[in-house]
Q: 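Structure below; questions to follow.
All chains are named by letter (A, B, ...) in the order of the sequence lines, taking the proteins before the strands, and each is independently numbered beginning at 1. All values below come from the heavy atoms of this structure, side chains included, with hydrogens, waters and symmetry mates left out. From a predicted model like this one, the values you see are computed outputs, not experimental measurements.
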Number of protein chains: 2
Amino acid sequence: MDLDAVRTFVVAADAGQFQEAAAELAVTQQAVSKRIAALERGLDVRLFTRTARGAQLTIDGQAFLPHARELLRVAERAVASVHAARRPLRVDVIASRSGQSGLMRGFHRAHPEVDLDVVMVFDVEAAVGAIRSGAIDASFRAVAKPGAPLPDDIESVRVLDEPLQLLTGPGHALASARSVTLAQLVGHRIWMPGIVPGTEWAAYYDDLVARFGLTIESTGPNFGSDALLDTVADTPALATFMGEHSRLVWPTGHGLRRIPVTDPTPVYPHSLLWHRDNPHPALATLRAHLAATPPAVDAPGTWTPDWVHRR
Amino acid sequence: MDLDAVRTFVVAADAGQFQEAAAELAVTQQAVSKRIAALERGLDVRLFTRTARGAQLTIDGQAFLPHARELLRVAERAVASVHAARRPLRVDVIASRSGQSGLMRGFHRAHPEVDLDVVMVFDVEAAVGAIRSGAIDASFRAVAKPGAPLPDDIESVRVLDEPLQLLTGPGHALASARSVTLAQLVGHRIWMPGIVPGTEWAAYYDDLVARFGLTIESTGPNFGSDALLDTVADTPALATFMGEHSRLVWPTGHGLRRIPVTDPTPVYPHSLLWHRDNPHPALATLRAHLAATPPAVDAPGTWTPDWVHRR
DNA sequence: GCCTGGCCACAACCATCGGTTGTGCCCGTA
DNA sequence: TACGGGCACAACCGATGGTTGTGGCCAGGC
């Protein structure tokens, strides 16, 4: 299937004849004829009945036409998604299934007319670089990590404090607890593979460890959340942290438990970052939406690192 | 933009390297490299960063990826729409904006999972032929026209009586009437361009004329409903009939009036036609849906031609 | 009833494209 | 430092898709 052939088909169907379609496409009538013939050969179906006064759609052609138009629409949007001018709002998130994705879903429900592209860059440093270069329009990140304040041209606002929960298998010592305090976690092994030193998320957990004396291991390669959950479920001595709003593919029959953490509740501080001069209209819409659904940040009984930007 | 290149892009993005993508696509690594390079050239953007250990998506590549997947999905559905096996349910309607379209919208709301293709064939005779050949699965038509009973292998059921309304411009003698009787219409000129002798809709209006002594002119070419509405709006001596449920693009500022017709109310009898042996599962769903929303047909005070199939 | 005009398909020809093989460069690792 | 894995470039070649030229078919007019 060739998109040029599909476009030719649509034009010919609208024109009702190959000749006019050829003129519109600035090719010869014979070229149109060959394109349509090739499309028909590829689909193994007749799309037009050729008459002396033009070409008329067959029933199959009629059925195919709206799909062809849709195909061209989607192709156009695909091209637009990588073209700087009038492209969808491009937002970076820390993980596709983590807390800010909920915010984005809410935004999409409230403003379905806004086109969105979601990407993931490495860390807040890369995000800031991408925002400054115009590669992305906004980023949900924790800011700023120690010793690296945000540049002047990057603005940010706290939008969500996401409580961390303890995730354990059924055999874990704390598996049956309704909730646990941070003090209770001292001495337990908490496993979070994939933490990369130097990133803002690593800094967050470093601070958490230093402040409350926890034991967090980030050894071993990160094989994805499925493998992580499998391991935690099968290893009574291991637990892990997980954002309250994260939507994982929840394995059934593993007996996994999500346990709230209290006294205080560690919360991951998501901020929205954007460039001061970014003119994308949808960025203003997103900011207005987030401002209109005021987040509960720095609530009593919650903990964030000292270096987190306050409102 | 070449769909093969898009497919290659998706496979390479999933694989994380060109080599593996090449194996999966049964081409050489060099071919993959060239396809991706061509796609990047066409989009004027870099989609991968090439490393010694594979190829990684750029931010643009990440943004493009879901659009590429969507593109392939739509292409697949487009191909399926003309392939006999497991294609969408293909339904013929008499006009895209007439009454049965409302039924189809209701069906689509109730069963959004059912894929539909809507086509228009010439008349009930062509529809029966298309149903018997398998070109379409069902048809909304008035059956049967005089002297042409339905063949045994075609089944039908009345699904909707659509009242006809009078459509006039603001200067028409009946423009301010709340309703009109058929007897009142005698002597008025009713213009319905595009009626083709020999079709079932022509037979319907022929019967209407013969029974109530109306004057219906079908002279002149049919330039579409827009032109019809324009003419009716500007010509005080002209009116036309229109189905109560038809959804036209309603021109504003023309002062067009829709006036119910009574004593009796002429109704257009839509039936669903299908082939006795058609195994398409969605056809059963459609029939069940229509049966579950029982139509009011042959209601008191309505008129249909004698030759219309009764329940 | 024949001629004419409009429209599409087939044939021949040719440039471009997209595939292959062969090879070189780069980078992470033993 | 040598090695291996992965990607890009070059040369080559068949397939593809464009063009021009031509013929057939059908509808409408003389």
Side-chain angles (χ1 to χ4, degrees), chain A residues 1-58 60-61 68 72 75 122 196-198 220-222, chain B residues 1-58 60-61 68 72 75 122 196-198 220-222:
Chain A
M1 270 245 299
D2 178 12
L3 280 186
D4 275 338
V6 173
R7 189 167 293 110
T8 304
F9 165 76
V10 170
V11 172
D14 288 340
Q17 58 178 46
F18 291 4
Q19 202 99 257
E20 194 180 323
E24 188 158 334
L25 296 167
V27 294
T28 60
Q29 164 264 318
Q30 289 87 335
V32 171
S33 178
K34 280 177 91 170
R35 285 187 191 176
I36 301 289
L39 189 60
E40 289 179 327
R41 190 158 11 89
L43 295 172
D44 193 29
V45 78
R46 203 140 184 82
L47 296 172
F48 288 99
T49 55
R50 280 76 163 170
T51 75
R53 226 180 18 269
Q56 201 166 5
L57 284 175
T58 62
D60 286 312
L72 298 181
F122 181 60
V196 179
N222 183 7
Chain B
M1 270 246 298
D2 179 12
L3 279 186
D4 276 336
V6 173
R7 189 168 293 109
T8 304
F9 165 76
V10 170
V11 172
D14 289 341
Q17 59 177 45
F18 291 4
Q19 202 98 257
E20 194 180 323
E24 187 157 334
L25 296 167
V27 295
T28 61
Q29 165 264 318
Q30 289 88 336
V32 171
S33 178
K34 279 176 91 169
R35 284 187 191 176
I36 301 289
L39 190 59
E40 289 179 327
R41 191 158 12 90
L43 295 172
D44 194 29
V45 79
R46 204 140 182 84
L47 297 172
F48 288 99
T49 55
R50 279 77 164 170
T51 77
R53 225 178 21 267
Q56 202 166 3
L57 284 176
T58 61
D60 286 313
L72 298 181
F122 182 60
V196 178
N222 183 7

Q: Rounding to an integer number of Å, can you tell me how far B:Ile36 CD1 sits from D:dC9 C1'?
A: 17 Å
Q: Using atom CD of B:Gln17 as one end and atom P of D:dG4 as the other, report the distance to the nearest whole Å.
A: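 It works out to 18 Å between those atoms.
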Q: Counting any heavy atom closer than 4.0 Å, what does A:Ala55 reach on the DNA or RNA strands: base, sugar-phosphate only, or nothing?
A: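 Counting heavy atoms under 4.0 Å across all strands, the contact made by A:Ala55 is with sugar-phosphate only.
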Q: For the atom pair CG (A:Leu3) and OG1 (A:Thr8), what is the distance rounded to the nearest 0.5 Å?
A: 10.5 Å
Q: When you compare the side chain of B:Leu57 with that of B:Phe48, does any pair of heavy atoms fall below 4.5 Å?
A: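 Side chain of B:Phe48 against side chain of B:Leu57, heavy atoms only: contact under 4.5 Å found.
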Q: Is there a side-chain contact between A:Lys34 and A:Val27 in this structure, where contact means two heavy atoms from C-beta onward sitting under 4.5 Å apart?
A: no
Q: Roughly how many Å is it from CZ in A:Phe18 to P in C:dC10, rounded to a whole number?
A: 11 Å
Q: Enumerate the protein-to-nucleotides 13-20 of chain C contacts in which both atoms are nitrogen or oxygen and the separation is below 3.5 Å.
A:
residue : atom : partner : partner atom : Å
C:dG19  : OP1  : B:Arg35 : NE           : 3.0
C:dG19  : OP1  : B:Arg35 : NH2          : 2.7
C:dG19  : N7   : B:Lys34 : NZ           : 3.1
C:dG19  : O6   : B:Lys34 : NZ           : 2.6
C:dT20  : OP2  : B:Thr28 : N            : 3.1
C:dT20  : OP2  : B:Thr28 : OG1          : 2.8

Q: How many whole angstroms separate atom CD of A:Gln56 from atom P of C:dG6?
A: 21 Å
Q: Between B:Gln56 and B:Thr49, is there a donor-acceptor pair closer than 3.5 Å when you use the side chain of the first and the backbone of the second?
A: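 Flag not set: sc B:Gln56 to bb B:Thr49 has no pair under 3.5 Å.
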Q: Which value, rounded to the nearest 0.5 Å, describes the distance between B:Gln29 atom CD and B:Glu20 atom CD?
A: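 Result: 13.0 Å between the selected atoms.
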Q: Name every residue in residues 44-52 of chain A that has at least one heavy atom under 4.0 Å from any atom of DNA chain D, in order of residue number, or write none if there are no such residues.
A: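 Under 4.0 Å from DNA chain D: A:Ala52.
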Q: Given atom CZ of B:Arg53 and atom P of D:dG6, what is their separation to the nearest angstrom?
A: 10 Å
Q: Hey, which of A:Val32, A:Leu25, A:Val6 is the one that makes side chain to side chain contact (heavy atoms under 4.5 Å, CB included) with A:Val11?
A: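 By the side chain to side chain contact (heavy atoms under 4.5 Å, CB included) criterion, A:Val11 pairs with just one of A:Val32, A:Leu25, A:Val6: A:Leu25.
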Q: Nearest 0.5 angstrom please: A:Met1 CE to B:Leu72 CG, how far?
A: 10.0 Å
Q: Starting at atom CD of B:Glu20, determine the distance to atom C1' of D:dC7, rounded to an integer number of angstrom.
A: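 It works out to 15 Å between those atoms.
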Q: Quick one: pull up CZ in B:Phe18 and CD1 in B:Ile36 and give me the separation to the nearest 0.5 Å.
A: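 Between B:Phe18 CZ and B:Ile36 CD1, I get 5.0 Å after rounding to 0.5 Å.
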